[in-house]
Amino acid sequence: MTERLRIALESYRRNTQRACSREFAASTLDRLGLADRYAVVNSALGDVYVAWSPRGISALRQAENPETFERWFQKRLRRRAFPTAERSELAEIAARALAGEEVDFPVDLRGCTPFEAAVLWKAREIPQGHARPYAWIAREIDHPRAVRAVGSALANNPIPLLIPCHRVVRSDYTTGDYVFGAPNKRRLLEGEGLHLNEIADLARRGVRYIGQPEDNCFCLPTCGTNLIAPQHPCFHNAEEALAMGLEPCTVCRPIAA
DNA sequence: TGGGTGACGACGC
DNA sequence: AGCGTCGCCACCC
């Protein structure tokens with residue numbers, strides 16, 4: 001630990017022991033590069049509070065008022081966040097992402113367990129206009145039987161919308177639950193072009209995979225928005241598709257490797 | 001510490 | 001065909 005950092009930490013500790021002002025605490029944490037800041041940003045679900053740390057975007061939540069948001073933030077992440085008027089570069093990127101632009105940005109997942117982080121990183125890989133089953137996440141992170149635990153981890157997603165947990169659905173292609181309510185999950189997915197009703201109907205009739213003969217592969221029915229079409233054969237199981245000489249799609253990886 | 005608890009899934013009527 | 005049941009596993013008091 002550098003001498004400067006040690007002195008700053010001591011100063012912070014002294015000053016928090018006195019009931020120091022919010023602003024003083026915030027500026028001290030800023031000097032240490034530790035403070036999370038937050039601002040209100042518009043999204044598909046209206047205004048939301050977005051927080052970021054020097055490491056990346058750290059939280060997103062709907063809240064009645066700043067106090068509600070701060071209470072939730074402290075409970076969930078075990079540290080404090082402070083409001084700011086000046087938008088950092090990170091906040092601007094978050095705003096663009098929430099406006100629908102496909103931009104990459106760092107996330108700060110301190111406060112998540114390794115398992116939760118693995119689930120969230122995997123959910124980040126799901127592109128716009130796609131969806132994957134909970135069981136798919138479990139298989140991809142090498143915990144194939146931890147399907148319920150995947151649900152719990154997504155329920156705890158500190159950064160919904162920006163980490164697109166709404167793209168994780170049940171194996172029967174009903175939506176499953178969502179932090180902002182199942183109807184919003186459905187709305188978001190349909191907004192991205194997915195025809196979930198149609199796909200759930202097919203699933204009810206036993207359809208699990210869709211072939212794309214032009215690419216010589218077969219997919220999950222939610223691998224993009226254009227799969228449900230007459231020229232694409234339906235399969236009840238992977239064997240049928242493999243028997244036709246089709247390969248598992250390398251984007252949606254429909255079966256275990 | 002260990003038993004209770006889920007944004008699940010498969011199976012049985 | 002939809003609903004109840006039960007197994008599953010990470011996490012939390």
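Labels below follow one simple rule: chain letters A, B, ... track the order of the sequence lines, proteins then strands, and each chain is numbered from 1.
Within 4.0 Å (heavy atoms only), A/Ala155 reaches at least one base atom of the nucleic acid. Using a 4.0 Å heavy-atom distance criterion, A/Ser171 is classed as a sugar-phosphate-only contact. A/Val150 comes within 4.0 angstrom of no nucleic acid atom, judged by non-hydrogen atoms across all strands.
Crowding of A/Glu214 atom CD: a count of heavy atoms from other residues, nucleotides or ligands under 6.0 Å exceeding 12. The 12-atom threshold is not exceeded at CD of A/Glu89, counting heavy atoms of other residues, nucleotides or ligands nearer than 6.0 Å.
The shortest distance between the side-chain N/O atoms of A/His143 and the OP1/OP2 oxygens of C/dC9 is not below 4.0 Å.
Using modelled atom types, one side-chain atom of A/Asn237 and one backbone atom of A/Glu240 make a donor-acceptor pair closer than 3.5 Å.
Between the P atom of C/dC12 and the CG atom of A/Asn156 lies a distance of 7 Å, rounded to the nearest Å. Atom NZ in A/Lys75 sits roughly 11 Å away from atom C1' in C/dC12 (whole-Å rounding). Taking atom CD1 of residue A/Ile141 and atom C1' of nucleotide C/dC9, one finds them 11 Å apart after rounding to whole Å. One atom, OH of A/Tyr134, and another, P of C/dG7, lie 23 Å apart when rounded to the nearest Å.
Between A/Tyr38 and A/Ser58, the closest side-chain pair of non-hydrogen atoms is not below 4.5 Å. Using a 4.5 Å heavy-atom threshold, the side chains of A/Arg187 and A/His166 count as separate.
Using a 4.0 Å cut-off between a side-chain N of Lys or Arg and a carboxylate O of Asp or Glu, A/Arg132 and A/Glu125 do not qualify as a salt bridge. Salt bridge status for A/Arg110 with A/Asp108: present, with a side-chain N to carboxylate O gap under 4.0 Å. A/Asp104 has a carboxylate O that lies under 4.0 Å from a charged side-chain N of A/Arg124, or vice versa, which qualifies the two as a salt bridge.
Scanning DNA chain B 5' to 3' for nucleotides with an atom closer than 4.0 angstrom to a non-hydrogen atom of chain A gives a first and last hit of B/dG6 to B/dG9.
When the P atom is compared between C/dC9 and B/dT1, the two are found 22 Å apart, to the nearest whole Å.
A search for ring pair (Phe, Tyr, Trp, His ring centres under 6.0 Å) contacts involving A/Tyr209 returns A/Phe218, not counting sequence neighbours.
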Canonical and wobble pairing (Watson-Crick, G-U, under 3.5 Å) of DNA chain B, dot-bracket with | | .|||||.||||||

